[in-house]
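Here the structure comes first, spelled out in structure tokens, and everything after it is commentary.
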Amino acid sequence: MDDGLGSGASTRPATATEEAEWSDPGVDKGWEVGSAAGADSAQVVGGGEAGGDGDAGGPDHKTAPVQSQSSAGLAVPPHFQCPVSMELMVDPVMVATGHTYDRPCIQRWLEQGHKTCPVTGGRLRHLELIPNFALRSAIQEWAAANGRTMKERQLTSVTEKAVFHVRDDDTVDPTSTSASMADAPAPIPHCVLEAHEEIVWAVEATEGHLFSASADKTIRVWNTETRRCVHVLEEHTRPVLSLVVSQRHGKLFSGSYDCSIRVWDLTTFRRVRSLHGHTDAVRSLAVAGDTLFSGSYDSTLRAYDIATLKPLRVMEGHTGPVRTLAVLGGCLFSGSYDKSVRVWDTATLESLAVLQGHTDAVRALAASSVPHLKYVFSGSDDSTVRVWDAVNLTCVCVFEGHEDNVRVLTVDSRYLYSGSWDKTIRVWDMHSLECVQVLEGHVEAVLALTVMRGHLISGSYDTTVRFWNTSTFDCVGKFEGHDDAVRVLTSTGEDSECVYSGSYDGSIGFWSAPVPTNGAAAAAAA
């Protein structure tokens, strides 16, 4: 299962399909906070919605806010009190309704399985806790002025999952779980956070931010340093399938099953414009210079001027859904389920060539990152990878060896990596155009690949993330944390220190290169 189009089946049943209508879960109307839960008249910095997104729950009887007293008898202002504990907040955080609580109190509430706002009883659109820095600063200033000592707390996510480093013999290394490393002075190298309510279809990373797109119709913006969700972008009316960032223009673009492209400002994270025209899902996006390109299941590409956000051209020619895009030099390459790769001039928007040879759907494209190697690679359901000369627009080599569909491609400065439904990853030397290694270990289809400093990272239907040393091709880390297939991976490039994953279970993973154990380090030294 990938797009709901084309062939391919896994021995592991799919958990979601892209064509499905994604309905919101039922409203959770639980209300078990206790006598303090009804303190909805407490002042909240930043406002709040009266009813949230669900039916108002809550008790009929509401209590008045109580002014808590300090040990010296000093009254705490009501708007500095947590509505649940009625105590001075140390780490105020906002829920989706805009109401603010002290983090430990609202964490306990959510960990009990509630999905409602304790003040309003309304269902929460998401379960992220957003730091209320303005209120926190105000509380700290008040405490300093009144001689109160504020106890600092370690800020952690209520929805963080345990991550396990699994040895080759499938036993868990107990020293590598996120829980065991939480007390260590160094930052936790890996974590998986519950995030979206449905499958994650796309992730894009910049320095400082991660963007994740989901079938739950939202895009989440993550601070990659704190690993916190800082914004939830809600405009699309159907699953969000594709993302691309243009940092030069300060814009994020998202494509959806609702046939539209939304344009977001990277500073304010507000929607700038909605681009319409496609008549089916927008499955792929790419930026070349000052032009945005979109590929759709309606078999067309569209070009937009990024500065004006005006449509430039409808690019027709494919006879099947456009699945993937890649840019190299002044050319745009589009891969389609019609078995072809088409080449377009990014300046004139004219069609330059139709590259034929594949005998089944083209699902993946990758462009060489080496300046003097002008190659574009295409992966197909016919189990092959084709190498195209981006200057002469001819096929120079066909990579054979995979025994099933090629689902994903990625490159670094030396190699092309291909991931397949046959559970393997093949490593191809971009200079000799030969296969130099077959990486085996995953027990289900390989769905996602990316690179970071000295490593290839792979994600699979088997729910694991694997790290491969790109010098020795040894698997140096196998991690479990996602509860379902790892669908997408991204990084900021070959020099990146971090990698990010998105899963069928809606969770987001943050990964760093694994630290070798003493035994592994000794073996490497030997």
Side-chain angles (χ1 to χ4, degrees), residues 6 283-289 291 293-295 299-301 303 313-420 425-438 449 451:
R283 189 62 183 90
S284 51
L285 295 168
V287 170
T291 307
F293 294 95
S294 57
S299 304
T300 71
L301 291 83
R313 185 165 186 169
V314 179
M315 301 154 70
E316 298 178 307
H318 281 296
T319 57
V322 179
R323 174 63 179 81
T324 178
L325 301 175
V327 176
L328 183 62
C331 294
L332 172 73
F333 295 78
S334 56
S336 168
Y337 290 139
D338 66 8
K339 311 174 188 178
S340 75
V341 177
R342 285 184 172 259
V343 189
W344 314 82
D345 188 299
T346 59
T348 66
L349 308 181
E350 296 289 340
S351 176
L352 299 178
V354 182
L355 309 181
Q356 296 180 319
H358 283 298
T359 58
D360 210 332
V362 178
R363 292 187 182 270
L365 290 173
S368 167
S369 58
V370 181
H372 65 278
L373 294 178
K374 303 294 185 182
Y375 291 145
V376 169
F377 307 92
S378 57
S380 168
D381 283 1
D382 65 11
S383 307
T384 70
V385 177
R386 286 183 171 258
V387 185
W388 307 94
D389 185 313
V391 177
N392 299 323
L393 302 180
T394 57
C395 181
V396 298
C397 192
V398 180
F399 292 161
E400 298 179 313
H402 281 298
E403 298 177 357
D404 209 332
N405 304 349
V406 177
R407 309 296 281 189
V408 60
L409 301 172
T410 196
V411 296
D412 61 18
S413 57
R414 294 175 295 172
Y415 303 111
L416 167 77
Y417 305 94
S418 56
S420 169
I425 302 160
R426 286 184 170 256
V427 184
W428 311 88
D429 188 296
M430 289 195 293
H431 292 83
S432 66
L433 299 181
E434 294 180 348
C435 181
V436 296
Q437 195 76 27
V438 179
L449 296 172
V451 292

Donor-acceptor under 3.5 Å (Ser378 side chain, Leu365 main chain): no
Sequence neighbours excluded, the answer for ring-ring contact (aromatic ring centres under 6.0 Å, His included) partners of Tyr375 is none
Relative to the ring of Phe377, is the ring of Phe399 parallel (under 30°), tilted (30 to 60°) or perpendicular (over 60°)? parallel
Step by step, would you call Tyr415 with Gln437 a side chain to side chain contact (heavy atoms under 4.5 Å, CB included)? CA-CA 10 Å; Tyr415 303 111; Gln437 195 76 27; over 6 Å; no
Between Arg386 and Gly357, what is the shortest heavy-atom contact and its length? NH2-O, 3.2 Å
Return yes if a side-chain donor-acceptor contact under 3.5 Å exists between Tyr337 and Asp381, otherwise no. no
I'd like to check Ser420 versus Arg426 (side-chain heavy atoms, cut-off strictly below 4.5 Å). Are they in contact? no
Run the side chain to side chain contact (heavy atoms under 4.5 Å, CB included) check on Leu301 and His318 step by step: do they pass? CA-CA 9 Å; Leu301 291 83; His318 281 296; 3.8 Å; yes
Minimum heavy-atom distance Ala366-Val411, with the two atoms named: CB-CG1, 4.2 Å
Kindly determine whether Leu352 and Phe333 satisfy side chain to side chain contact (heavy atoms under 4.5 Å, CB included), including the steps that lead there. CA-CA 10 Å; Leu352 299 178; Phe333 295 78; over 6 Å; no
Out of curiosity, Asp360 CG to Lys339 NZ, how far, rounded to the nearest 0.5 Å? 6.5 Å
Distance, nearest 0.5 Å, that separates CG of Leu373 from CG of Leu416: 11.5 Å
Nearest-0.5 Å distance, CG of residue Asp429 to CZ of residue Arg414: 9.5 Å
Interatomic distance, OG@Ser368 vs NE2@His431, rounded to 0.5 Å, equals 8.0 Å
Which heavy atom of Val370 sits nearest a heavy atom of Ser413, and at what distance? CG2-O, 3.2 Å
Nearest atoms (heavy-atom pairs only) where Glu316 meets Thr300: CG-CG2, 4.2 Å
Would a 4.5 Å heavy-atom cut-off, applied to side chains only, mark Leu355 and Val343 as touching? yes
Test side chain to side chain contact (heavy atoms under 4.5 Å, CB included) on Val327 and Leu325; report intermediate values, then the result. CA-CA 7 Å; Val327 176; Leu325 301 175; over 6 Å; no
Can you name the residues that form a salt bridge (Lys or Arg N to Asp or Glu O under 4.0 Å) with Arg313, not counting sequence neighbours? Glu350
Is any side-chain heavy atom of Arg283 closer than 4.5 Å to one of Val322? no
Ser299 to Pro321 - nearest heavy-atom pair and separation: OG-N, 3.7 Å
Beyond-backbone contact of Ser380 with Val406, side-chain heavy atoms, under 4.5 angstrom: no
Let me confirm one number: the OG1-CG distance from Thr384 to Asn405, rounded to the nearest 0.5 Å. 10.5 Å
Check Leu332 against Ala286 and note the closest heavy-atom contact, atom names and distance. CD1-CB, 4.4 Å
Just how far is it from atom SG of Cys397 to atom CG of Asp389, taken to the nearest 0.5 Å? 12.5 Å
